[in-house]
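Naming: A, B, ... by sequence-line order, numbering from 1 per chain. All values below were derived from every heavy atom in this structure, side-chain atoms included, with hydrogens, water molecules and symmetry-related copies excluded.
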Amino acid sequence: MKASGAILLVEDNPDDEALTLRALAKNNIANEIFVARDGVEALDYLFATGPHEGRDRGQLPQVVLLDLKLPRLDGLEVLRRIRAEPATRLLPVVVLTSSREDSDLVESYRLGANSYVRKPVDFVAFVEAARQLGLYWLMLNELPPGSGAA
Amino acid sequence: VGLLAGVAWLEGRNATRSQEAAAEVARTYDGQARLNRLLALLGEVESGARGYVITGESAFLAAFDSGVKAVAEQQRALGLFFRDAEQRASLVALEPLIAERIAIAVRNVELRRVAGFEAARRQIESGAGRAAMDRIREQLDRMSARQRLLLEQRSAASGRETAASRLLSNLAILLSVALLLAIFVALLRENRLRRRSESELDRFFTLSLDLLGIASLDGYFKRLNPEFARTLGYEMKELLTRPFLDFVHPEDRAATLAEMEKLSRGESTLRFENRYRCRDGSWKWLSWRVQPFPAEGLLYATARDMDVRKRSEQELRAANAFLDSVIENIPDMVFVKDAAELRFVRFNRAGEDLLGHARDELIGRNDYDFFPREEADFFTAKDREVLSSGRLMDIPEEKIATRERGTRILHTKKIPLLDAEGRPTYLLGISEDVTERKLAERLHLEFRALFESLPGLYLVLRPDLSIAAVSDAYLEATMTRREEILGRGLFEVFPDNPDDVAATGVSNLRASLGRVTRNRVADTMAIQKYDVRQPDGAFVERYWSPVNSPVLGPDRQLEYIIHRVEDVTDFVLQRSRPDAGSEELRERMDRMEAEIFRSSQEVQAANRRLELANVELESFSYSVSHDLRAPLRTIDGFCQVLLEDHAASLDASGKESLGRVRAAAQRMGMLIDDILQLSRVTRGEMALQVTDLSALAAEVAEGLRRAEPQRRVVVEVEPGLVASVDPHLMRIVFENLLGNAFKFTRMQPEPRIRVGAERTGGKVIYSVEDNGAGFDMAYAGKLFTPFQRLHSPREFEGTGIGLAIVERILRRHGGEVRAAGAIGEGASISFTLGPVAAGDVPREAAP
């Protein structure tokens with residue numbers, strides 16, 4: 001597995017997408033960002049299937065930011081499939097969601113999410129959360145051996 | 001050999017005989033010669049005498065004298081020579097004739113000397129001399145003839161002799177040739193045999209796994225078997241053409257030379273070890289056994305690759321160690337006894353642990369040294385039985401007295417270990433300590449018996465609704481038998497009455513069991529009409545009041561459902577009894593019965609609706625949590641975008657307006673969160689456990705203090721407050737109460753907060769007090785209503801839901817909450833936790 005340094009953002013709400021991209025940009029996170037609008041597209045991107053056939057499967061994003069409430073295939077199912085596949089078993093996945101339900105939090109960790117971030121209503125607080133995310137997952141976090149450098 | 005000796009002897013005798021015959025012939029010739037010689041000598045005497053007579057010269061006299069002497073000599077020799085009697089007689093007859101002749105000759109000589117020549121001449125001319133001489137000749141001729149006859153006779157005898165012996169010797173030679181042929185054939189055969197045995201030896205030589213070789217004392221190998229070359233990895237030629245010392249490890253050469261020295265003296269070598277270099281440069285330890293044959297200058301040697309032996313010894317040791325370790329670590333007692341005296345020869349660790357004796361104490365002893373006589377008799381009898389039958393014996397249960405653990409129950413297998421001839425030599429025993437299991441089985445049986453004799457009607461179901469257990473009373477009420485229904489499905493055993501089209505028993509019971517399975521809480525059903533099938537197949541009318549309760553495992557998974565019913569048929573059917581009292585009473589009972597049945601059916605329906613509502617509420621909460629917050633985030637986020645990216649085109653009032661939009665959006669976000677929490681605390685199950693409330697309050701206070709590190713708030717928590725509560729919910733209570741206390745003491749220069757409890761009349765009243773802003777008691781009742789606030793958001797932020805949440809949680813715990821205070825004098829919230837018994841609290845309706 002090789003990390004491309006890219007970020008995969010799985011988000012169906014265009015407003016949230018714009019705000020998330022802005023929050024990342026405000027923290028000078030310049031990594032390439034690919035946005036998947038639903039769970040199926042996210043998996044197609046990761047496993048280079050469907051419309052993404054031909055993409056280098058070996059090039060995996062450095063981190064996946066995953067919303068839970070998604071059309072077609074929901075976020076928890078996406079997470080389950082990512083963890084079931086040997087190639088992406090160790091891929092860092094941060095659940096980034098509006099949900100304040102405890103059951104979602106518990107289920108996300110149970111399925112192997114690396115972090116769980118609730119998107120606050122306050123955008124300033126969201127920018128701060130994005131900063132910490134970027135700091136941890138893009139700069140400080142040691143990827144598992146064999147996953148390549150960013 | 002006898003034949004050859006005989007032939008040799010015959011040949012020898014033959015040779016001697018023919019030699020003798022030849023000597024006899026030669027003698028005969030010799031005899032002839034001697035006779036001739038005598039005649040010649042007589043001639044000399046005659047001519048000597050004549051010469052003197054004629055000449056008178058004395059020289060003739062000398063020849064005459066010596067002739068006379070020689071004749072005498074010859075005569076004597078002939079006398080010795082002849083053995084033939086006739087010849088000897090002839091010789092005797094010859095003597096006077098010779099004497100006469102010599103006397104004539106002497107007279108003639110004398111006459112000459114005395115009377116002169118003329119006298120002598122006359123005398124001679126008388127012819128006496130000649131006549132004597134003639135007679136001699138005649139005699140000699142006769143003797144010669146005799147001699148010739150003898151020669152003939154002897155030659156013929158010798159020829160006969162020779163022919164006989166030649167025949168004999170030819171025969172012997174023929175025999176010898178035959179004998180030699182036989183010997184030759186025997187030798188050929190023996191040679192072939194020897195060659196075959198040599199080739200057999202040669203094959204063994206080639207086959208041997210040992211290294212075999214013949215070396216000469218000059219230090220070269222003469223011959224080696226293929227294994228030799230193979231082991232060391234060389235071509236045979238190389239080994240044979242170089243001094244073998246070349247291959248010996250330099251450190252071993254001196255010892256090898258010393259050994260060679262010994263060998264050259266004729267001493268043999270046993271277990272001499274040295275290292276040989278292999279083709280690949282490695283060294284091999286070889287162990288030698290060498291026998292020298294100094295006469296031939298040869299050494300016959302066998303060597304063994306020690307590594308192979310050492311490795312196989314190691315492998316054997318490792319295999320033994322492995323087996324030992326397996327036996328040692330088998331968690332059951334393993335022992336071995338010798339078949340003769342049944343003494344222990346082997347014991348493993350589990351056995352030591354079980355019996356409480358170290359193996360040193362056990363080995364060499366038998367059962368009578370450790371166990372009571374009766375037990376030992378029992379064990380020994382079984383042992384003997386196993387050994388004599390030669391078959392495994394399984395003893396499901398046997399008691400054994402141990403040193404430290406009392407009497408234990410063992411499940412033992414005894415196995416005879418046989419030798420190659422099939423005779424038992426050892427007895428192997430494997431014993432599992434089943435004491436615990438046996439006790440558990442007994443306990444299990446006891447509990448089952450207890451359960452089955454309960455007076456109530458009980459059925460224990462597995463999650464798949466198969467019947468796990470049933471009480472006797474239940475069997476009696478449903479006219480079933482235990483062995484007929486255990487393990488079968490509930491609805492298979494108890495179907496609806498097919499003749500009752502309105503029967504709902506099965507579907508209602510199925511729904512109730514479904515709720516128990518899903519929610520894992522008890523479900524009480526309304527009175528059900530659920531007809532029972534009699535053994536003859538006909539259904540009888542029955543009314544039941546069922547309760548279904550879950551039995552949860554340690555991980556809160558459903559393990560069983562207890563289905564308890566009461567048979568209320570008699571009660572429901574009272575009216576049909578003839579002795580049920582007056583008509584009026586019966587009518588009233590009819591109505592009551594109908595009422596009870598209807599109302600219980602209504603409760604059942606209401607429960608079902610409530611359940612549906614709860615499910616809807618949950619999905620509603622979820623979408624509120626996710627979907628309602630998303631637009632708020634958009635509003636807030638894009639206001640911030642405007643403020644950041646378009647600040648230049650906004651005036652102060654425009655910026656302020658955007659600030660207000662943002663504040664409102666954020667406030668709504670908080671409201672949503674709080675409403676969700678409010679709904680959450682009334683949903684779901686409570687998990688009561690004994691909780692240290694003092695520690696919980698102190699922990700929450702510490703968190704609040706860290707959030708505002710610049711403030712100095714004195715928080716006092718009374719130690720030792722313990723209650724049976726749901727710790728998660730109770731934390732929310734303290735978060736709200738202490739959060740409020742922190743918030744409302746913000747204006748207070750010396751903020752103080754106290755958490756304590758008072759015991760009055762068996763009740764414990766907990767309180768959280770502060771010296772903050774306080775409130776007007778007139779509005780105290782509104783405090784616990786959602787969204788009711790006694791302060792403006794400008795003074796103190798908040799949604800007005802916190803105390804409502806607190807109130808819900810305390811109510812769920814069976815307690816109450818009250819507020820007391822005055823403006824500017826602080827507030828005191830006090831609460832009780834109520835007598836909540838261990839177990840679930842009844843479900844409540846949503847607000």
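- Here B/Asp645 pairs with A/Arg22 in a salt bridge; the nearest charged N to carboxylate O distance falls below 4.0 Å.
- Heavy atoms closer than 4.5 Å to chain B are found in both the backbone and the side chain of A/Asp122.
- Your options are A/Asp104, A/Val127, A/Thr97, and the one with the most heavy-atom pairs under 4.5 Å with chain B is A/Asp104.
- Residue B/His646 places its NE2 atom among more than 12 non-hydrogen atoms of other residues, nucleotides or ligands, all under 6.0 Å distant.
- For chain A, the option among B/Ile672, B/Asp636, B/Leu676 with the highest count of heavy-atom pairs below 4.5 Å is B/Asp636.
- Separation of atoms CZ (A/Arg118) and CZ (B/Arg629) is listed at 8.0 Å; rounding is to 0.5 Å.
- The two atoms that bring B/Phe638 and A/Ala18 nearest to each other are CZ-CB, 3.9 Å, heavy atoms only.
- Screening B/Arg662, B/Met668, B/Gln666 for a side-chain contact (heavy atoms from CB on, under 4.5 Å) with A/Val121, the sole residue that qualifies is B/Gln666.
- The pair A/Asp16-B/Arg633 meets the salt-bridge criterion, with a side-chain N (NZ, NE, NH1 or NH2) lying under 4.0 Å from an Asp/Glu carboxylate O.
- No donor-acceptor distance shorter than 3.5 angstrom exists from the side chain of A/Asp15 to the backbone of B/Thr634, with no hydrogens or angles considered.
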